[in-house]
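Inspection log for the structure reproduced underneath, given as structure tokens.
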Amino acid sequence: MPLVGRPPSDWRDRVPRTPPWDGVLLCRPDHFDVVDVKNAFMAGQVGRIDRVRALDQWEALAATYRRVGVAVHVLDGADGLEDMVFCANPVCVLPREGGGADVVASRMNHASRRREVPHVVRWFETHGLPATSLGDDVGTIEGHGDVLVVPGRRLALGGHGGRTTRGALEALAEATGVTLVPLALVGEPFYHLDTCLAVLDEDTVLVHPPAFRGDALDVLRALFPRVLVADPAEAREHLAVNAHGLADGHVVLPAQAVRTAETLAAAGLRPLPVDVSEFHRSGGSVFCMRLDLPTRPA
Ligand code: ARG
């Protein structure tokens, strides 16, 4: 059974290595909007999106990645799919030892978000990575909103109690053979694991402790020697933890997370702030706006 609770402290000797990521996928925000309230960040934001500003910010995000040598692949948005810009959610991409990845279609909670899934699945199919699906009876799972891959390892952390069910995490581990560590979440406003945890490298995580339940924090401390704590107000108000660690130590994070960036810099990491505040109105920031891509299978 690949799903494990508290992983053994020698997991580094046991969990296979995977090749580094090979670029990111971003989805154009031409159809981005807030039309309903799917999470607490969206309250009071219906109809308030400035699309011109959103596009400018999205282009600056893409430029930031290119500037530090990360290849950017672009997926077009679709009419009526207001959240599709958060393209990390409709699929789960779990890299394999020899390159390539298991791509697993999500089972989204909201009807409009369910319609995003075939678009993202098609992109992967076209790029030689056909997706599989989990059964109807497993519950819901929202891709990398709740499943965070440990960079360079065939290991993932899975949040449940927000948008993803524990049953779906079990089914994902079963279907792919990936070692998956379940972490219990309190839920709103930290409705996805990526709002309260960022796995920056195989030794370092950034966390917002109040969002976790049960033994989740102990499990994180047992797994990672460096547990950095985000500024609590920045985590709550500016999605500070929705940050993306790159292989060279850069961490792309929301520009408003000033104190959190200082913590990262003090730990020897290289913060790369970007202003995607228009997307914060929808409850998403850097991490859920990009999807890490695997190398081609050998
Ligand atoms: N409005 C989107 C939703 O509620 C935002 C998703 C952001 N994704 C994330 N992983 N935090 O589904």
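Note that ligands are numbered from 1 as they come in the structure, with each ligand's atoms numbered from 1 the same way.
- Between the side chains of N242 and S285, no donor-acceptor pair is found at a separation under 3.5 Å.
- Heavy-atom minimum distance, P182 versus V4: CD-O, 2.7 Å.
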Protein N/O near ligand 1 N/O, under 3.5 Å, which pairs?
residue: ligand 1; atom: 1 (N); partner: D83; partner atom: OD1; Å: 2.8
residue: ligand 1; atom: 1 (N); partner: S282; partner atom: O; Å: 2.8
residue: ligand 1; atom: 1 (N); partner: S282; partner atom: OG; Å: 2.8
residue: ligand 1; atom: 4 (O); partner: N39; partner atom: ND2; Å: 2.9
residue: ligand 1; atom: 4 (O); partner: R163; partner atom: NH2; Å: 2.8
residue: ligand 1; atom: 8 (N); partner: N89; partner atom: OD1; Å: 3.1
residue: ligand 1; atom: 10 (N); partner: N89; partner atom: ND2; Å: 3.3
residue: ligand 1; atom: 10 (N); partner: H192; partner atom: ND1; Å: 2.8
residue: ligand 1; atom: 10 (N); partner: D194; partner atom: OD1; Å: 3.1
residue: ligand 1; atom: 10 (N); partner: D194; partner atom: OD2; Å: 2.6
residue: ligand 1; atom: 11 (N); partner: Y191; partner atom: OH; Å: 3.3
residue: ligand 1; atom: 11 (N); partner: H192; partner atom: ND1; Å: 3.3
residue: ligand 1; atom: 11 (N); partner: D194; partner atom: OD1; Å: 3.1
residue: ligand 1; atom: 12 (O); partner: R113; partner atom: NH1; Å: 2.8
residue: ligand 1; atom: 12 (O); partner: R163; partner atom: NH1; Å: 3.0

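- V229 pairs by the side-chain contact (heavy atoms from CB on, under 4.5 Å) definition with V207, P209, not counting sequence neighbours.
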- Task: List the steps, then state whether side-chain hydrogen bond (donor to acceptor under 3.5 Å, both in side chains) holds for D83 with S282.
- Result: CA-CA 8 Å; D83 284 310; S282 189; 3.1 Å; yes
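- Listed by first then second residue, pairs satisfying ring pair (Phe, Tyr, Trp, His ring centres under 6.0 Å) with a partner in residues 194-228 read F190-H208, not counting sequence neighbours.
- Judged as a ring pair (Phe, Tyr, Trp, His ring centres under 6.0 Å), not a single pair has a partner in residues 89-117 (not counting sequence neighbours).
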